[in-house]
> 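Have a look at the structure that comes next, please.
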There are 2 protein chains.
Amino acid sequence: MENRQKKKATIYDLSVLSGSSPSTVSAVLNGTWQKRRIKESTAKLIRGLAEEHQYTANLQARGLRSSRSGLVALLLPVHDNRYFSSMAQTFEAHVRGRGQCPIVVSACRDPEEERQTVEQLIAYSIDELIVAGATDPDGVYEVCAGSGIKLVNIDLPGTKAPSVISDNYQGGRLLTEAIVRHFNADDPLQADDLYLFGGRDDHASRERIRGFRAIKRELMDGDADRCIVPTGYSPRTAQTAFEQFYEREGRLPRGLFVNSSINFEGLLRFMAHHPNEMFADIVVGCYDYDPFGSFLPFPVIMIRQDVDGMITKAFDLMSESRPAIRTHVVQPELVPPRTALQGPLDAIKDIE
Amino acid sequence: MENRQKKKATIYDLSVLSGSSPSTVSAVLNGTWQKRRIKESTAKLIRGLAEEHQYTANLQARGLRSSRSGLVALLLPVHDNRYFSSMAQTFEAHVRGRGQCPIVVSACRDPEEERQTVEQLIAYSIDELIVAGATDPDGVYEVCAGSGIKLVNIDLPGTKAPSVISDNYQGGRLLTEAIVRHFNADDPLQADDLYLFGGRDDHASRERIRGFRAIKRELMDGDADRCIVPTGYSPRTAQTAFEQFYEREGRLPRGLFVNSSINFEGLLRFMAHHPNEMFADIVVGCYDYDPFGSFLPFPVIMIRQDVDGMITKAFDLMSESRPAIRTHVVQPELVPPRTALQGPLDAIKDIE
DNA sequence: ATTCATTGCACCATCGATTGTGCAATTTTG
DNA sequence: CAAAATTGCACAATCGATGGTGCAATGAAT
C-alpha cells in the first residue's frame with residue numbers, strides 16, 4: 001500500500017526521509033560513498049529507505065549530468081533474418097555481460113535513415129555503437145564525429161572507424177569450391193552452369209564475387225560476367241532474377257551461389273511455383289546460415305559468419321582507448337548440408 | 001571546418017549567437033514558437049543558426065524536463081527466430097511511422113530479467129512499451145505501475161494490462177486438422193500417431209494443446225496425454241524429446257505438431273543424425289511460420305500469426321486514453337507446405 | 001492624449017542526479 | 001592540552017531543455 005505511491009522516489013525524497021543531504025543519498029546509491037567517506041551506518045539507512053520506497057535512479061538525469069547513458073546500441077540493416085537476429089542476440093548477451101543496457105534498432109539499409117537514427121541515438125547520449133552492415137558507414141561516422149561515442153563497424157567496413165568483418169573473399173572461395181566439389185566426377189559442374197545471384201555493390205558482395213571468380217578460374221575452365229547476377233538484398237528482386245533466368249534457359253543453373261539468406265528467400269518464392277523435381281540436380285551455396293535452409297530437399301551448403309567472434313572483437317576494440325582505424329577480418333565457417341548448428345539461443349537457460 | 005567543433009551546440013550557444021534568450025531558441029526549435037508569439041524573422045534566424053551549427057537537442061535533457069522521452073520499446077523473449085524478428089521489424093515500421101524512436105530489447109524468457117530490463121527502460125522514461133511473450137506479464141506490470149508508461153502485452157496475455165494475442169485455440173485446431181487431412185484416406189493417421197511436441201505451461205501452449213485435443217477427439221477416435229510432450233522453448237530439449245521417442249519407438253510419429261519454430265529446430269537437430277528416408281511418411285505442423293521451414297523435404301504445414309494485425313491493434317490500444325484491461329484475439333493463418341509468404345522486409349524499399 | 005490590447009520576447013524555476021569544495025566535529029599526535 | 005589530521009557530511013553549481021509569468025514596446029480605440 002504505502003510503497004504503491006504514484007510518483008517515483010528521488011534522492012530528494014530519500015534525503016528528507018533519511019535526514020541526509022541529497023548528495024549523500026546520491027553517493028550512497030551510486031556506489032561512490034566510500035570515496036566520499038560516508039559512514040557505513042548512514043549508507044545502510046539510506047539503502048534501506050531506497051529499498052523500501054523502491055527507489056530507482058532517473059537515468060535521464062544521471063545521463064544529463066554525466067553525459068553518458070549506459071546505453072549501448074546495435075544498428076542493424078534489418079531484423080528479420082537469422083544472420084542479423086543472431087547478431088542481435090549475441091550482442092545483447094555481451095552488453096548485459098558488461099552490465100550495460102543493450103538496445104537494437106534497424107535502419108532499413110537506407111543511408112538517410114541510418115544517419116537520422118544514429119543522430120537520435122547520440123541525442124540520447126548512447127555510449128557505444130556498433131553499426132552492422134551499414135550502407136554508408138562513413139556517413140554514420142560523420143554524424144558521430146565529435147560526440148564522443150565509441151563506434152565500431154561490423155559486417156561492412158568503413159574508413160573512418162575501426163571495422164570487423166568476415167573474410168568474405170575466403171568465404172566466397174570456400175563456398176564456391178564446396179559447390180563445385182559437391183558434384184560427382186562423372187558429371188561435373190561446368191563453368192557456365194555455376195551462377196552467383198544476389199548482393200549488390202558493397203564490400204562484402206565484391207569480395208565474395210572475387211572469391212567466386214577465383215575458384216571458377218582455378219577449378220574450372222573459365223568465368224563470365226553473365227554468371228553474376230546482383231539483385232540487391234531483397235527476396236523479390238532475387239525471385240525475379242531466377243524467373244528471368246528460367247524463362248530464358250528453361251531451367252536453373254545446376255550450381256547456385258546465393259549471396260545472402262535474404263536472396264535465398266527469393267529462390268523459395270521461385271520454388272513455390274515449380275515442383276521439387278526441378279531442383280533434383282541442383283546444389284545451392286548460401287552465404288549466411290539458416291538452420292532451416294540447411295535441410296531443404298536439395299543440397300544446401302552454407303557459410304556461417306562468426307558472429308560471436310565479430311562481436312567479441314568489436315567490444316575489444318571499443319575498450320581500447322584509441323583503437324587503430326583498420327579492418328579486422330574474422331574467418332567464416334563452411335556448413336555442410338543438413339547441419340543444425342547451435343546458436344546464441346543455446347546459451348539461454350531454459351525454464352520448464 | 002568551423003562546424004566540426006568538438007562539443008555539441010546547445011540552445012545556450014544559439015542563444016548567444018542569435019542574441020535571443022534560451023527559451024526563445026528552445027521554442028523555435030521544438031515547434032512551440034507560434035504559441036509563444038515569436039516573430040517569424042527571429043525564428044528563421046535561429047533555425048538558420050541551428051542548421052549551420054548542426055544543433056540537435058539533447059534528448060536526455062528534454063526527457064528530464066518533460067518526463068517523456070519519445071522512445072517506444074518492444075521487449076522480446078529472444079531475437080533469433082523469424083516470428084520475433086518479424087515482430088521487431090513490423091514494430092519498428094509502426095513506431096517510425098508515428099515519428100517516434102523504436103528500440104528493441106530481449107529478456108531471454110527470464111522473469112527476473114524481464115523485470116530488471118523494464119525497470120531500466122522506465123528509468124529512461126520510455127513512453128510506451130509492448131511486452132511480447134513475457135513469462136510474467138503481470139510482474140512487468142507491477143514494475144510499470146505508477147510510472148505513467150503505456151503498456152500493452154502481446155503474444156501472451158496478462159491480467160493487469162490490455163493484451164493482444166493470437167487465437168491459439170483456433171490456430172491449434174487449424175493446424176491439427178490440416179495435419180490429419182494431409183494423410184491419404186487409404187492410410188489415415190491414427191490418434192496414437194499424432195503427437196504434439198514443445199511449448200511449456202503458458203497460455204499460448206495451453207490453448208494450442210486444447211485445440212489439438214479438440215480436433216483429435218472430433219476427427220479421430222481418441223486422445224492421450226502421452227501424445228503431448230512439452231519441452232520448453234528450446235531446440236536442445238526438443239531434440240532430446242525426439243530422440244527419446246525414437247529410442248523408445250524406433251521411429252517418429254507420422255503426425256507431428258511442433259509447438260514453435262524454436263522447437264522445430266530441435267527436430268532439425270534430430271534430422272541431422274538420421275537420413276531423409278526416415279521422414280518420408282511424416283507430416284509436420286509447426287506453430288509459427290518460417291519461410292525455409294516451409295520447404296523441407298516432407299510436408300510442413302505452418303501457422304503464421306498475424307504480427308502486423310497484432311502490432312496495429314496494440315498501438316490502437318496505446319492511443320486510447322484508458323484502454324480496457326481485456327485480451328484481444330487476432331486470427332492466425334494456416335500456411336500450406338511449400339509456401340513463401342511476403343514479410344515485413346518486402347515493405348522496405350530496395351536500393352540496388 | 002489616455003487607456004487598453006496585442007505583440008514579442010526575457011527571466012527564472014524546474015526536472016533529478018553528480019561532484020568539487022568547504023567546514024564542523026572528532027580523533028590523533030607531539 | 002594545543003595543533004594537526006582525519007572523518008563525515010552539507011552546500012551549491014551544473015548538465016540542457018521547458019514552460020509559466022512578467023513586462024516593455026507598439027498599435028488600436030476612445
Side-chain angles (χ1 to χ4, degrees), chain A residues 6-46 49-50 53-71 120 122-125 127 147-148, chain B residues 6-46 49-50 53-70 119-120 122-125 127 147-148:
Chain A
K6 51 240 62 267
K7 307 302 294 175
K8 293 194 46 145
T10 71
I11 54 168
Y12 298 96
D13 301 330
L14 299 182
S15 145
V16 172
L17 290 165
S18 67
S20 320
S21 74
S23 58
T24 299
V25 175
S26 170
V28 167
L29 296 174
N30 70 22
T32 60
W33 59 284
Q34 321 249 25
K35 201 165 55 190
R36 283 183 162 270
R37 301 189 311 246
I38 310 291
K39 234 192 306 185
E40 173 64 43
S41 64
T42 312
K44 201 174 302 180
L45 167 67
I46 292 176
L49 287 169
H53 293 269
Q54 303 193 86
Y55 171 82
T56 53
N58 181 321
L59 299 180
Q60 302 213 70
R62 172 180 296 170
L64 174 58
R65 183 61 234 264
S66 55
S67 60
R68 302 183 348 94
S69 67
L71 294 174
Q120 283 247 328
I122 292 176
Y124 285 111
S125 304
D127 296 334
S147 71
Chain B
K6 53 241 64 264
K7 306 301 295 174
K8 293 195 45 147
T10 70
I11 55 170
Y12 297 96
D13 301 330
L14 298 182
S15 148
V16 172
L17 290 165
S18 68
S20 318
S21 75
S23 59
T24 300
V25 175
S26 170
V28 167
L29 296 173
N30 71 22
T32 60
W33 59 284
Q34 323 250 24
K35 201 166 57 193
R36 282 182 162 270
R37 301 189 310 246
I38 310 290
K39 237 194 303 185
E40 173 64 44
S41 63
T42 311
K44 202 174 301 177
L45 167 68
I46 291 175
L49 287 168
H53 294 268
Q54 303 193 87
Y55 170 82
T56 53
N58 180 320
L59 299 180
Q60 301 214 67
R62 172 180 294 169
L64 173 59
R65 184 61 233 262
S66 56
S67 59
R68 304 184 346 94
S69 67
E119 210 154 75
Q120 282 245 330
I122 292 175
Y124 285 112
S125 304
D127 297 334
S147 71

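Below, chain A is the first sequence line, B the second, and so on; all start at residue 1.
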> Check the side chains of B/E119 and A/T56 for a donor-acceptor pair under 3.5 angstrom, ignoring hydrogens and angles.
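No, B/E119 and A/T56 have no side-chain donor paired with an acceptor closer than 3.5 Å.
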> Using atom types as modelled and distance alone, determine if a side-chain donor or acceptor of A/S69 lies under 3.5 Å from a backbone N or O of A/S125.
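Indeed, once roles are kept as given, a pair shorter than 3.5 Å links the two residues.
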> Check DNA chain D against residues 27-42 of chain A and give the residues with a non-hydrogen atom under 4.0 Å, in numerical order.
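Contacting residues: A/R36, A/R37, A/I38, A/K39, A/T42.
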> How long is the span from the NZ atom in B/K39 to the CD1 atom in B/I46, to the nearest 0.5 Å?
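Those atoms lie 11.5 Å apart.
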> Going by heavy atoms closer than 4.0 Å, what residues in residues 14-21 of chain A are next to DNA chain D?
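By residue number: A/G19, A/S20, A/S21.
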> Base, sugar-phosphate, or nothing for B/S67, non-hydrogen atoms under 4.0 angstrom?
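Nothing: the residue B/S67, judged by heavy atoms under 4.0 Å, touches no strand.
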> Is it the case that C/dC11 (base atoms only) and B/S23 (side chain only) share a donor and an acceptor within less than 3.5 Å, ignoring hydrogens and angles?
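A donor-acceptor contact between them is present.
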> Please write out each protein N/O paired with an N/O of nucleotides 14-16 of chain C under 3.5 Å, distance rounded to 0.1 Å.
| residue | atom | partner | partner atom | Å |
| --- | --- | --- | --- | --- |
| C/dT14 | O2 | B/R65 | NE | 3.3 |
| C/dT14 | O2 | B/R65 | NH1 | 3.0 |
| C/dC15 | O2 | B/R65 | N | 3.4 |
| C/dG16 | N2 | A/A61 | O | 3.3 |

> Quick one: closest heavy-atom pair of A/H53 and A/A9, and the distance?
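Closest approach of A/H53 to A/A9: O-CB, 4.0 Å.
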> Donor-acceptor pair, A/S21 side chain versus A/T24 backbone, under 3.5 Å?
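Yes, the answer is positive, given that a donor and an acceptor are paired below the 3.5 Å cut-off.
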> Taking atom P of D/dG16 as reference, at what distance in whole Å does atom OH of A/Y124 sit?
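In whole Å, D/dG16 P and A/Y124 OH are 17 Å from each other.
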> Could you pull out the closest heavy-atom pair between A/K8 and A/D13, with the gap in Å?
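That would be O-OD2, 3.8 Å.
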